[in-house]
Amino acid sequence: MERYDFSAVEKKWQAYWEEHNTFRAENGSSKPKYYALVEFPYPSGSGMHVGHIKAYSGLEVVSRKRRLQGYNVLFPIGFDAYGLPTENTAIKTGVHPRQVTDNNIEKFSSQLKRVGFSFDWSRVVDTTDEDYYKWTQWIFLKMFENGLVFRDTTLVNYCPSCKVVLSNEDSQGGKCDICHSDIVQKNKEVWYLRITEYADKLLEGLKDVDYLPNIKLQQENWIGKSTGAFVNFSIKENDEKLRIYTTRPDTLYGVTFMVIAPEHPIIEKYRDSIKNIDELDAYKAECAKKSEFERTQLVKDKTGVKIDGITAINPITEKEIPVYISDYVMMGYGTGAIMAVPAHDTRDYDFAKKFGIDIIEVIKGGNIAEEAYTGDGEMVNSDILNGIDNKKEAIEKMLEVLAEKGIGEKGVQYKMKDWAFNRQRYWGEPIPIVHCPDCGMVAVPYEELPLKLPPVENFQPGSDGESPLAKIDSFVNCKCPKCGKDAKRETDTMPQWAGSSWYFLRYCDPNNAEAFASKEALEYWMPVDWYNGGMEHVTRHMIYSRFWHKFLYDIKETNTSEPYAKRTAQGLILGSDGEKMSKSRGNVVDPNDVVDEFGADVLRLYVLFMGDYEQAAPWSENSMKGCKRFLDKVWAMQEKITEGEEYSDKLRSAMHKTIKKVSEDIESLKFNTAIAMMMTLLNEVSAAGSMNKAEYRTLLMLLNPFAPHITEELYQVMGYEGVLNEQSWPEYDEALCIDSTIEIAVQINGKIKAKLNIPAEASQDEVLAMAKADADVAAAIDGKNIVKEIYVKGRLVNIVAK
RNA sequence: GCGGAUGUGGUGGAAUUGGCAGACACGCCAGACUUAGGAUCUGGUGAGUAAUCGUGCAGGUUCAAGUCCUGUCAUCCGCACCA
C-alpha cells in the first residue's frame, strides 16, 4: 500500500467529475427532484474563507446523499456580483469593475472546485451578466406596472462615505452596513418598492414553511405587526384633525397631552397661527443635527416644546389637552403623532414628569406616583369602562364607541417600511425608467431590455449624491418611449439586494432567453426543498426574496407562493482566537492553504466535525489533525479487509447502527455526531482486527458525502463494481441495530453500585433477580426494606431500599 | 428596555429528550518503534488519598435532573423611544 497522496487523488476525481458531468441536474427527468440551495457568494477580492466552506458543506453532504438515494438533485452555485466593494476596488486601482468581477469569480470558482463541491457548474449565474440582469429589470418593470414602485421625497439614510442612500435594513444601528460609517439623514427623492403591501402575506406565509423557529421569529419581529386604533383628535383653534395611532385604545381616558414628531406637517400648515414658532424651529434644527441613531437611543431625559397655538381636545373626555413636539415621536411610524398616556407608558411618564403634566391612572395595579404601570388590570377613572378588565373588554368596548362616534377605527401598523430601492453608484443594475417632461415616469419597453450599463471612464460618484451615470450624456438623453419627445433616463442603479431576490428561479433554467425561467422548469424544480445560509440574511435577503417571489406568484409567473420550503442557518467559524474572522484581526483562514496542507477531504470533514453545525465554533488546526488521522486510518484499513459479501456476525449490529445514525444525523444537520459515529465504528474495527469487504464498502458509502475523493479512490482500489457516486445509499434494519447482550447499570437509591451484562430480551423479574445476585448489590440492600423496584428496559435498574 | 441563544473536563463538543454525564476528537501522561520525532502505534486521562463530589449559581419536583419548575448571574447575537 502506498501512502495516501491526497493531492493527486483529489485532482484525479475532480477531473473525472468534470469530464463526466457527474453532478449535472437534469430538467424534465422522471426521477424525483431535490433542490438544495446555498447562498451564492459575493465575489470579493480577498477570496473565500473557511466560513464559506462550512456554509456550503452542509447541503453538499445532503446533496450527495440525495443523489445516492436516487434523486435528481439541483445543487447550484453562482455569484452575487454587483456591489460597492468591487466598485471601490475599481476606483482605487483603475481596473474596470467588470474585470474586477471576472477576476474574483475566477478565483472563487477555483477555490470551490478544489474543495470538490458537487455543484452543477453548467448553471452558474452571475447577477452582473446582461442575460441575467435583463430579467432583474424585467421583474422591476412588472412591479412598476403593478403599482409597487414609487418615488418619494423623504428623509433618507445616507452614507456620506459610500455616497449612497441606504434602506433601513442596510443601516441598522445607525451605521452603514458596507463601511460602518455613521449614517446621516438627508432629504432626497428616491425609489421605493412597496414591500409593506406584502407585509401580511409575508407574515401569513411563515405558517406554511419549515424554517427554524428563531428564523421565523426574527422575520415576524422584523415585519412587526401591531393592531390598535386610529383616533382623530380635534384642534380647538381650527378645523384640523390630529390623527394618531395607538395600540391602547383602552387608555383613552388617561390621555392628558399629545406629542407630534418635529417634522409633522401640521406645524408648517399653521405656521402663522403658532405663537412660539421660533422656539419650535430652533428645536427642529436641534433635532436635525442628531443622527438617526442618536435619535432612536432610548433616553430617559425627554426633550420637547409645547406648541402655543394648537390645543387638542380629547374626543372621549372632551377636555382640552396641550400638544408638544418631541423627537421621541417618529414621523416614520404610525401617523407621526401620539396620544400620551403618562400613567401607563414609560416614555409618556418621563415626559409628563419633566413638563409637569397631569398623570391620570386608568388601570389599577401599579403605583403611578413612582412609575408608569404598563401591566393589565381593572379600569378606573374611565366613566363607561370603569370596573371592567382592560385587556378582555375595555379595548373592544372603546373600539365600538370610537366607531359609533365616528372618531376612530381599528387599525394595523407594521414596523417594516417600504424598501428604499436605489444606489447612486455605477456598479448595479440600471433602473429602466425614463423621465419625460410630459408623460412623467415611463417604463423602458420590455423589448429594449436589458438596459445596459454604459461604459464610463470615471466611477467616482458625484459629491451631490448623483450617480456617475448622470455624467454620461449619451446615456441620460433619450426619447420618451411613449410620446417620442426628448426625455432623460433615470441614473440611479438598483441596490445590491436586487439580483439575489430571484436567483434561485434562474438556476432552474439559467440559459433561457425567452423568460427568466420556463414554466416547466419552475413547475419541476420549485420550491427550493432546503435552503441554508447565514443568520445575517434572515431579515434582509430572505424577506426581500420572499416578497419578489410572492409578487411573481401573484402575477402568475411562479407556481408556488413561497420560494423556500425549509430554511436552516449555519454558525460562524471564528478565528483561532475566538473572535469573528476578519482581515483586520488577521485571523482569516484561506481554504486553499488547508487544501494544500491537509487535502480537501480533511477540510470538508473538519468544518462539519468541529462542533454543532448551527453553532459558532473557533478554528483549531490541532483538532483538524484528528480528521486527518481518521481518513488515514480509513485508507490504511484497505490492507486488512477480509472476504465477505454479507456483514459478519461480529459487526452486523454496529454496521446497522452506524448506517442509521449517519442517515438520520445528516437530515438534522448533526454532522459532527455522524462523523463521530463513523470514527467509533472504525475504532471498533481496529479492536476487532479487521472488517470484511461488504462492511468496508458500506463505510465508504457513508463517508462519501463528507469525503468524496478518498472514498471514490478506495472504492476503485478495492475493485468494487462501477464508481461510488452511481451506487445507492446503504439501508439499515431497525431490528438489527439491537445487540443481543447489553450492559445495564444497577442503582441502589439512585447511586450506581454495579454494572450487569444481561440478554436484551430479559424480563424485569429476571433482570431484578440478576441484580440482587450481584455481591455489591446484595451488600448494599442487606438488612433494608425494598420500597420500590424500577427497571428501565435496556438502561438501568434502580432499587429503592430503606 | 424588548426578543433570541448559550453556559458541561485543560480544549472543541456528546448525552436515545427524565434513565450509567463527559461519546467522538484535540491536548496531556506513560510505553513501543526509531539516529531523531512536531511521524506512527498501544495504553491512560473530570476532581479527590478515600468515602465521595461533580453540567454558571440558589432552591424545588422525582425512585432518578445537564434535561422539568421557580429565582438568579454571566456571555453572545438581533431589535430598539414602534405609540
Side-chain angles (χ1 to χ4, degrees), chain A residues 3 172-174 213-215 217-218 220-222 224-226 228-229 244-248 251 258-259 261 293 295-300 302 326-330 332-341 345-348 350-351 374 413-417 535-536 538-539 571-572 574 578 580 606 609-612 614-627 629-630 632-633 636 660-661 664 670 672-683 686 743-756 787-801:
Chain A
R3 201 188 154 73
Q172 296 182 16
N214 57 333
I215 293 178
L217 200 69
Q218 268 197 34
E220 277 166 20
N221 290 343
W222 186 259
K225 183 176 183 171
S226 84
I244 62 97
Y245 174 73
T246 180
T247 54
R248 298 294 303 275
T251 60
M258 296 184 79
V259 187
F293 185 61
R295 229 187 114 172
T296 55
Q297 285 300 290
L298 194 143
V299 284
K300 198 92 179 146
K302 297 278 184 281
S326 173
D327 62 359
Y328 84 91
V329 173
M330 307 290 147
Y333 184 79
T335 62
I338 62 156
M339 61 177 219
V341 187
D345 180 285
T346 49
R347 295 154 300 172
D348 298 346
D350 295 340
F351 195 88
T374 54
Q413 281 292 301
Y414 300 93
K415 284 190 208 176
M416 189 168 72
K417 308 219 172 83
M535 272 319 275
E536 69 275 19
V538 162
T539 49
L572 293 174
L574 306 173
K580 204 168 161 177
Y606 175 60
F609 182 66
M610 62 195 300
D612 185 330
E614 300 174 59
Q615 226 59 52
W619 184 261
S620 156
E621 195 155 301
N622 262 336
S623 295
M624 194 160 50
K625 279 192 217 157
C627 293
R629 283 178 196 155
F630 171 62
D632 284 345
K633 283 187 213 167
K660 178 178 155 79
K661 180 83 176 151
E664 290 177 353
K670 302 236 171 278
N672 53 339
T673 48
I675 295 165
M677 189 66 185
M678 290 186 276
M679 290 175 168
T680 307
L681 176 70
L682 202 70
N683 290 346
S686 297
E743 192 191 60
I744 62 160
V746 182
Q747 299 180 334
I748 307 298
N749 297 331
K751 307 261 183 233
I752 292 170
K753 293 292 172 193
K755 303 261 172 121
L756 215 55
V787 182
K788 203 169 184 180
E789 293 174 331
I790 293 138
Y791 173 53
V792 183
K793 193 161 191 304
R795 310 237 119 240
L796 56 68
V797 167
N798 189 11
I799 298 171
V800 186

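All values derive from a computational prediction rather than experimental measurement. The chains referred to below are lettered A, B, ... by the order of the sequence lines, with proteins before strands, and numbering in each begins at 1.
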**Asked** Once you round to the nearest 0.5 Å, how far does OG1 of A:Thr251 lie from CG of A:Asp345?
**Response** 8.5 Å
**Message:** Nearest 0.5 Å, please: how far is CZ in A:Arg629 from NZ in A:Lys625?
**Reply:** 6.0 Å
Integer angstrom distance from the [atom1] of [N] to that of [M]:
{"N": "B:G10", "M": "B:C29", "atom1": "C1'", "value": "13 Å"}
{"N": "B:A23", "M": "B:G9", "atom1": "P", "value": "13 Å"}
{"N": "B:G22", "M": "B:G54", "atom1": "P", "value": "16 Å"}

**Fill in**
With sugar-phosphate taken as primed atoms, P, OP1 and OP2 and all else as base, the protein-contact string of nucleotides 21-28 of chain B at under 4.0 Å (heavy atoms; B, S, -) is S-BBSSS-
**Prompt:** Base, backbone or nothing for each nucleotide of nucleotides 3-10 of chain B, written B, S, -, heavy atoms under 4.0 angstrom, 5' to 3'?
**Reply:** SSS-----
**Message:** Base, sugar-phosphate or nothing for A:Ala616? Non-hydrogen atoms, less than 4.0 Å.
**Reply:**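 If one applies the 4.0 Å heavy-atom cut-off, A:Ala616 turns out to touch the sugar-phosphate alone, with no base involved.
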**Asked** Among A:Leu796, A:Val797, A:Val746, whose side chain to side chain contact (heavy atoms under 4.5 Å, CB included) with A:Tyr791 holds?
**Response**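 Among the candidates, only A:Val797 passes.
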**Message:** Which helical stems does RNA chain B take part in, if a stem means at least 3 consecutive Watson-Crick or G-U pairs with both distances below 3.5 Å?
**Reply:** B:1-7 with B:73-79, B:10-12 with B:24-26, B:27-32 with B:40-45, B:56-60 with B:68-72
**Request:** Report yes if a side-chain nitrogen or oxygen of A:Tyr245 is closer than 4.0 Å to either non-bridging phosphate oxygen (OP1 or OP2) of B:A83; otherwise report no.
**Result:**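 A:Tyr245 to B:A83 OP1/OP2: no side-chain N or O under 4.0 Å.
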**Request:** Considering just the side-chain nitrogens and oxygens of A:Lys788, establish if one lies under 4.0 Å of OP1 or OP2 belonging to B:C63.
**Result:**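 Affirmative; the distance criterion is met.
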**Prompt:** Syn or anti: how is B:U11 classified when any glycosidic angle within 90° of 0 counts as syn?
**Reply:**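 Anti.
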**Asked** If anything within 90° of 0 is syn and all else is anti, what is B:G10?
**Response** anti
**Message:** Parallel, tilted or perpendicular, judged at 30° and 60°: which one describes the rings of A:Tyr245 and A:Tyr333?
**Reply:** perpendicular
